[in-house]
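Keep in mind the model is a prediction, meaning the values are calculated, not measured. For this chain, numbers begin at 1 and follow the sequence in order.
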Amino acid sequence: MSLKTKIQEDMKAALKSGDKKRLKVLRFLLAQVKNAEIDKGSELSDEELLKLISKEIKKIEEAAETFREGGSEQRALEELEEAEILK
């Protein structure tokens with residue numbers, strides 16, 4: 001099973017279980033994957049997909065740090081929860 005298929009299966013499971021936060025994060029990730037595939041002109045390999053996920057995790061962690069510096073600890077924690085889902 002490819003990594004992309006695993007992500008799609010996880011998204012379906014989140015939908016069925018009612019896990020809205022996980023569903024939101026996985027939908028966002030799949031949208032990013034689709035955009036990257038459009039840019040590339042073909043499907044991403046598992047290695048390329050892992051690089052994309054790592055890049056998204058880094059963006060989220062940087063956003064969390066920005067929120068923390070701005071005094072919004074709650075929003076920073078929400079961002080870090082999303083990063084954990086991707087991990």
Visitor: When you look at E43 and E48, which way does the side chain to side chain contact (heavy atoms under 4.5 Å, CB included) test go after all the steps?
Guide: CA-CA 9 Å; E43 284 199 22; E48 291 169 321; over 6 Å; no
Visitor: I would like to know whether E37 and K4 meet salt bridge (Lys or Arg N to Asp or Glu O under 4.0 Å); could you show each step before the answer?
Guide: CA-CA 12 Å; E37 289 176 342; K4 182 178 176 183; 3.0 Å; yes
Visitor: Would you say E84 and L80 make side-chain contact, with heavy atoms under 4.5 Å?
Guide: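 E84 does not reach L80 side chain to side chain.
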Visitor: For a side chain to side chain contact (heavy atoms under 4.5 Å, CB included) check, start with the C-alpha distance between K55 and K58, then their side-chain angles and the critical distance, and finish with the verdict.
Guide: CA-CA 5 Å; K55 187 171 102 175; K58 185 176 179 184; 5.8 Å; no
Visitor: Set out, in order, the CA-CA distance, both residues' side-chain angles and the distance that settles salt bridge (Lys or Arg N to Asp or Glu O under 4.0 Å) for K21 and E78, then state yes or no.
Guide: CA-CA 10 Å; K21 184 158 208 86; E78 290 172 10; 5.2 Å; no
Visitor: Just one of L52, L3, D39, L50 clears the side-chain contact (heavy atoms from CB on, under 4.5 Å) bar with L44, so which one?
Guide: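 Filter result, single survivor: L52.
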Visitor: Is the number of heavy atoms from other residues, nucleotides or ligands under 6.0 Å of E47 CD greater than 12?
Guide: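 No - once you tally the heavy atoms of other residues, nucleotides and ligands closer than 6.0 Å, there are 12 at most.
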Visitor: Check the hydrophobic clustering (I, L, V, M, F, W, Y; side-chain heavy atoms under 4.5 Å; chains of links allowed) and say if L23 and I57 are grouped together.
Guide: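 Yes; tracing contacts between hydrophobic side chains, which count when under 4.5 Å, links both residues.
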Visitor: How far does CG of L86 sit from CZ of R22, to the nearest 0.5 angstrom?
Guide: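 Rounded to the nearest 0.5 Å, the CG-CZ separation comes to 9.5 Å.
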Visitor: Carefully, step by step, assess K6 and E9 under the rule salt bridge (Lys or Arg N to Asp or Glu O under 4.0 Å).
Guide: CA-CA 5 Å; K6 173 75 171 116; E9 293 297 318; over 6 Å; no
Visitor: Determine, for K87 against E61, whether the closest basic-nitrogen to carboxylate-oxygen distance falls under 4.0 angstrom.
Guide: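 Between E61 and K87 there is a salt bridge, with a charged N closer than 4.0 Å to a carboxylate O.
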Visitor: A side-chain contact here means heavy atoms from C-beta on lying under 4.5 Å apart; do M11 and I7 qualify?
Guide: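 M11 vs I7: side chains apart.
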Visitor: What about F28 and L15, same hydrophobic cluster or not, with Ile/Leu/Val/Met/Phe/Trp/Tyr joined at side-chain heavy-atom distances under 4.5 Å?
Guide: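 No.
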Visitor: Before you tell me yes or no, could you show the steps for R27 and K24 under side chain to side chain contact (heavy atoms under 4.5 Å, CB included), namely the whole-Å CA-CA distance, both residues' side-chain angles and the distance that decides it to 0.1 Å?
Guide: CA-CA 5 Å; R27 278 185 174 158; K24 175 186 150 198; 6.0 Å; no
Visitor: Check whether any side-chain heavy atom of I53 sits under 4.5 Å from a side-chain heavy atom of L49, and report yes or no.
Guide: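 They are in contact (side-chain heavy atoms under 4.5 Å apart), so the answer is yes.
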Visitor: Do I60 and L30 belong to the same hydrophobic cluster, where Ile, Leu, Val, Met, Phe, Trp and Tyr are linked whenever their side-chain heavy atoms lie under 4.5 Å apart, directly or via other members?
Guide: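 Yes, I60 connects to L30 through the hydrophobic network.
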Visitor: Minimum heavy-atom separation for A76 and A64, please, with both atom names.
Guide: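 Closest approach of A76 to A64: CB-O, 3.3 Å.
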Visitor: About how many Å separate CD of Q8 and OG of S2, when rounded to the nearest 0.5 Å?
Guide: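 Answer rounded to 0.5 Å: 7.0 Å.
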Visitor: Check E56 with K59, please: is the shortest side-chain N to carboxylate O separation under 4.0 Å?
Guide: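 Yes, charged N to carboxylate O under 4.0 Å.
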